[in-house]
> 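A single structure is presented below for examination.
In each ligand, atom 1 is the first atom listed, and ligand 1 is the first ligand listed.
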Amino acid sequence: MYEPYLTLLKEHHLKATPQRLQILQYLHTHHTHPDADEIYTDLKRTNPSLSRTTVYNALETLKKEHILHAITISGNETRYDATPTPHHHFLCTHCMKITDIELLCPNIKHVEGDGYCINEVHGYFKGFCPTCAKKNGAKG
Ligand SMILES: [Zn+2]
Ligand SMILES: [Zn+2]
């Protein structure tokens with residue numbers, strides 16, 4: 001079941017440590033954009049010997065290789081995302097939920113045409129999610 005992640009790590013010339021594989025699998029099955037602590041706490045449940053430092057280091061390595069994306073939309077915490085295609089994010093400032101916005105940035109082609117090589121695209125939208133908007137009478 002780690003097959004696609006083994007290939008992914010190999011492509012980036014990274015050693016397939018159990019922690020890296022677990023983190024990749026976790027992020028591919030949890031599209032909630034968790035922070036490092038959330039990932040650590042959840043993984044520790046099934047791996048009692050897991051250390052926080054290992055998780056943080058693995059996240060750092062995967063981030064450097066652009067296998068994971070760090071999202072800093074809320075300004076004070078880093079949340080992680082393993083979706084490989086560029087997409088934007090919406091932060092609900094009420095329940096702090098982050099959702100993916102599938103939207104291609106029209107500026108990408110223009111910038112790439114100028115010879116830039118883009119690794120990441122971040123578009124941050126903030127406001128009320130549908131659930132919170134309903135509860136709050138659709139006023140921001
Ligand atoms: Zn909300
Ligand atoms: Zn995302």
> To the nearest 10 degrees, how large is the angle at the Zn ion (ligand 2) between H89 NE2 and H33 NE2?
90°
> Is the shortest side-chain heavy-atom distance between T99 and H89 below 4.5 Å?
no
> Taking atom types as modelled, find out whether Y80 and D35 have a side-chain donor-acceptor pair closer than 3.5 angstrom.
no
> Restricting to N, O or S atoms, which atom of D81 is closest to the Zn ion (ligand 2)?
OD2
> So H122 and H69, would you call those rings parallel, tilted or perpendicular, with 30° and 60° as cut-offs?
perpendicular
> Looking only at N, O or S atoms, find the one in D100 nearest to the Zn ion (ligand 2) and name it.
OD1
> Need one value: angle at the Zn ion (ligand 1), C129 atom SG versus C92 atom SG, rounded to 10 degrees.
110°
> For H33 and H31, I'd like to know if the aromatic rings sit close, meaning centre-to-centre distance below 6.0 Å.
no
> At less than 2.8 Å, would any N/O/S atom of C95, backbone or side chain, sit next to the Zn ion (ligand 1)?
yes
> Is the shortest side-chain N to carboxylate O distance from E77 to R79 below 4.0 Å?
yes
